[in-house]
Amino acid sequence: MRVTNRQIADIFNETADLIDIDGENPFRVRAYRNAARTILSHPRNMADLVEEQFDLTSLKGIGRELAKKITEIVQTGKLSYLEKLKRIHPPGIEKLLKIPGLGPRRVRLLHEFLHINSLHDLENALRQDKLQSVPSFGPKLIEMIEKELKKRRYEEKRYPLSEADSVSRWLLETLCSAKGLIEIEVAGSIRRRSETVHDIDIVAAAETENDIMEHFTTLPEAERVLMKGPTRSSVILINGITVDLRVVPAENFGAALHHFTGSKAHNIALRKLAITKEMKINEYGIYKKGKRIGGEKEEDIYKKLDMDYIAPELRENRGEIVVAQQHRLPSLVSEEEIQGDLHIHTTYSDGTNTIREMALRAKEKGYEYIAVTDHTRHLAVAHGLDEKKAKKQLEEIDRLNEELQGITILKSAEVDILEDGSLDLPESILKELDLTVCAVHFKFDLSQQAQTKRILKAMEHPFFTILGHPTGRLIGLRDPYDIDMEAIIHAAAQCGCILELNAQPDRLDLNDIHCKMAKEAGVPIAISTDAHSVNDLDLMHYGIGQARRGWLGKENVVNTRGLKELKKVLKK
DNA sequence: GCCGTTTTCGGCCCGACTGTTTTCAGTCG
């Protein structure tokens with residue numbers, strides 16, 4: 001069984017946890033965590049790179065030692081160094097680090113003084129009132145640990161972007177009425193458009209006299225105030241989401257927004273760069289030789305560092321800083337550039353609106369075209385189209401295209417890719433369609449080899465246009481099916497196929513890393529909503545966010561083209 | 001453990017908030 005990047009990253013993170021508890025040099029701990037991050041966001045499998053004898057030390061944060069360890073993991077499936085650490089540490093002790101308030105030092109103290117090695121031990125010690133005997137464990141800390149244990153909050157929860165998005169919009173509206181507020185924005189991973197978020201970060205600029213913190217910490221929806229200071233506070237809302245609010249004077253707003261937008265890795269890299277230029281960046285501004293030279297606007301920071309402004313979606317320390325210094329950043333695709341939606345369901349299958357209703361709403365949105373892509377017969381749960389139903393739909397589309405002005409309905413279908421790689425519609429229908437969105441909807445558990453072969457076979461079909469939701473994942477619910485994405489992207493480039501970026505917030509499939517891979521391979525992307533109702537057409541912006549995270553520009557996205565240009569792309 | 005416009009040692013982002021050892025370490029983002 002081939003080792004995945006995720007497994008290698010997990011091994012490094014666990015190693016970092018254990019040596020952290022041991023009180024090792026914190027920079028050594030960080031080196032392991034940095035390497036885990038690099039590996040996780042690398043588009044290619046470490047296993048393949050090792051096989052190709054690729055020089056792993058050319059990767060950021062990976063030197064000789066960690067390159068050797070990666071090779072060992074790829075070859076043996078485990079890391080002997082970690083195995084050794086595990087032998088001298090009680091199993092599960094690193095889980096204690098997940099409890100807010102417990103860092104490596106306090107976990108070590110718990111172990112030394114009370115032999116606490118697991119969450120279970122910790123619960124027992126709490127019940128027996130033993131914790132106060134540990135140095136530096138006062139009543140407040142113990143109370144906090146007790147609450148955290150009760151709530152099981154140490155099982156880190158991540159929220160889908162769409163959920164956090166609506167909560168943050170509500171928060172902005174609510175806080176708007178606070179006295180002395182000048183400006184307020186959502187920062188953090190929501191602003192970077194991450195697929196899932198851990199908490200909500202909000203940054204506000206305000207007059208000296210303001211009641212924003214008071215307003216915030218006394219919201220009826222704030223179940224608990226975690227901390228409250230004059231410039232920074234944190235609450236847990238009744239729905240469980242943690243919200244951090246930072247309030248600064250207007251002159252510091254840009255720097256604060258930048259600081260709290262992150263990512264952490266991006267900020268660290270940028271600050272390191274600043275140091276080489278005898279500058280310093282903090283949440284109040286950018287400084288040269290102790291003198292503040294900017295920070296009112298976020299753009300100041302990049303400008304003073306002599307680099308292009310980096311959009312929040314790119315701030316992951318995945319090479320954006322170097323490219324910005326070279327003034328070679330891509331101009332990222334925006335929602336206004338989208339001319340149509342190429343994946344839409346109607347009442348012909350499992351959609352709730354008619355073709356006409358969908359077309360009219362698309363027209364309202366300023367689109368030039370939509371593709372109607374109802375399910376085919378194999379997907380019986382979705383009342384898929386058989387040949388007869390498909391014909392009827394095609395006739396209706398002809399009538400509507402004559403009748404409706406200003407919007408063109410393209411004939412299509414979301415065609416099932418059957419287990420043997422064939423398509424679930426007869427050629428007599430396929431040839432009538434303007435395009436197809438082909439997708440896997442069953443037999444998710446094939447081996448990587450079989451699943452990849454199935455999709456590659458389908459892509460060879462002359463009527464194959466777009467690979468719909470390429471990995472089939474449902475974020476937090478269903479893992480992607482096991483496919484060799486490199487092989488699929490390579491094949492798409494060869495045969496001129498398009499890959500879909502499905503904009504449904506629980507899919508966002510392709511992910512950012514695969515988007516970038518596709519772009520580099522010259523494979524075009526279709527950003528589609530997979531709308532099952534007129535309101536779903538508004539989900540496009542989630543796809544745009546993901547596309548921007550994947551470095552995609554207008555030229556990489558097929559549905560930024562007008563109808564005429566699009567048709568040229570579709571004609572293979 | 002990594003890294004180099006101060007290159008093979010000696011640094012490694014930076015500040016707010018909290019609790020408690022009452023002057024600062026630990027944690028967090």
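Hydrogens, waters and symmetry mates are skipped; everything else that's a heavy atom, side chains included, is used. In this text, all values refer to a predicted model and were calculated from it rather than measured experimentally.
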Euclidean distance, atom CZ of residue A:Arg33 to atom P of B:dG29 [Å, nearest integer]: 13 Å
Among B:dA16, B:dT27, B:dG15, the nucleotide that comes nearest once only the side chain of A:Lys280 is considered: B:dG15
Distance, rounded to the nearest Å, where A:Asn34 contributes CG and B:dG1 contributes P: 14 Å
Sugar-phosphate, base or nothing in reach of A:Lys69, heavy atoms under 4.0 Å: sugar-phosphate
Per A:Ile268 side chain, nearest of listed nucleotides B:dG15, B:dC2, B:dC13: B:dC13
Residues, nucleotides or ligands: over 12 heavy atoms within 6.0 Å of A:Arg478 CZ: yes
Closest nucleotide among B:dT27, B:dA16, B:dG29 to the A:Asp244 side chain: B:dG29
A:Tyr287 OH - B:dG15 P separation (whole Å): 8 Å
Among B:dG19, B:dA16, B:dC13, the one nearest A:Leu141 by side-chain distance: B:dG19
Gap between atoms CZ and C1', on A:Arg315 and B:dG29 respectively (whole Å): 16 Å
Whole-Å gap separating C1' (B:dA16) and CZ (A:Arg246): 7 Å
Sugar-phosphate, base or nothing in reach of A:Leu270, heavy atoms under 4.0 Å: nothing
Separation of atom CZ in A:Arg28 from atom C1' in B:dG1, rounded to whole Å: 7 Å
Residue whose nearest DNA chain B nucleotide is more 5′ - A:Ser233 or A:Met279: A:Met279
Atom NZ of A:Lys303 with >12 non-hydrogen neighbours under 6.0 angstrom: no
Which nucleotide in B:dC13, B:dA16, B:dG1 has an atom nearest any side-chain atom of A:Arg271: B:dC13
Pairing partner of B:dG10 (Watson-Crick or G-U wobble, both distances under 3.5 Å): B:dC3
Touch class at under 4.0 angstrom, heavy-atom based, for A:Pro139 against every strand present: sugar-phosphate
Per A:Phe27 side chain, nearest of listed nucleotides B:dC12, B:dC2, B:dG29: B:dC12
Heavy-atom side-chain proximity of A:Lys147 to A:Met144 below 4.5 angstrom: no
Whole-Å C1' distance, B:dG1 and B:dT8: 14 Å
Side chain of A:Lys272 (C-beta onward), nearest among B:dT27, B:dC12, B:dC14: B:dC12
Whole-Å P distance, B:dC17 and B:dG11: 30 Å
Pair listing, side chain to side chain donor-acceptor pair (under 3.5 Å) test, anchored in residues 314-323 of chain A, at least two apart: A:Lys60-A:Asn317, A:Arg192-A:Glu316, A:His266-A:Glu320, A:Glu298-A:Arg315, A:Tyr302-A:Arg315, A:Tyr309-A:Arg315, A:Glu316-A:Arg549, A:Arg318-A:Asp512
Selection from B:dG19, B:dG15, B:dC12 that lies nearest to any side-chain heavy atom of A:Lys140: B:dG19
Sugar-phosphate only, base, or nothing, as touched by A:Asn282 at under 4.0 Å among non-hydrogen atoms: sugar-phosphate
d(CD1, A:Ile145; P, B:dT18) in whole Å: 17 Å
Integer angstrom distance from the P of B:dT22 to that of B:dG15: 26 Å
Flag if over 12 foreign heavy atoms under 6.0 Å of CZ, A:Arg6: no
Side-chain (A:Asn210) to main-chain (A:Ala206) donor-acceptor, under 3.5 angstrom: no
Interface polar pairs with nucleotides 7-9 of chain B, N/O, under 3.5 angstrom:
none

Contact under 4.0 Å: A:Thr15 side-chain N or O vs B:dG1 OP1/OP2: no
Trace of the side-chain contact (heavy atoms from CB on, under 4.5 Å) decision for A:Tyr32 with A:Leu66: CA-CA 8 Å; A:Tyr32 277 93; A:Leu66 290 177; 3.6 Å; yes
Any N/O donor-acceptor pair, A:Asn25 side-chain to B:dG1 base, under 3.5 Å: yes
Minimum-distance nucleotide to A:Pro230 side chain [options: B:dC17, B:dG1, B:dC12]: B:dC17
Among B:dC13, B:dG1, B:dG29, the one nearest A:Arg30 by side-chain distance: B:dC13
Between P of B:dT18 and CZ of A:Arg106, the distance in whole Å: 13 Å
Note: A:Glu195-A:Arg473 ion pair, threshold 4.0 Å (strictly below): yes
Lys/Arg-Asp/Glu bridge criterion (N-O < 4.0 Å) met for A:Lys304, A:Asp300: no
Nearest-angstrom distance, P atom, B:dT5 to B:dC12: 16 Å
Lys/Arg N to Asp/Glu carboxylate O, A:Asp48 vs A:Arg2, below 4.0 Å: yes
I'd like a list of close polar pairs between nucleotides 3-6 of chain B and the protein, N/O only, cut-off under 3.5 Å.
from	atom 1	to	atom 2	distance (Å)
B:dC3	OP1	A:Gly61	N	2.8

Residue met sooner reading DNA chain B from 5', once A:Phe137 and A:Leu66 are mapped to nucleotides: A:Leu66
Heavy-atom side-chain contact between A:Ile21 and A:Ile93 under 4.5 Å: yes
Donor-acceptor pair, side chain of A:Arg548 and main chain of A:Val333, under 3.5 angstrom: yes
Rounded C1' spacing from B:dC13 to B:dG29 in Å: 12 Å
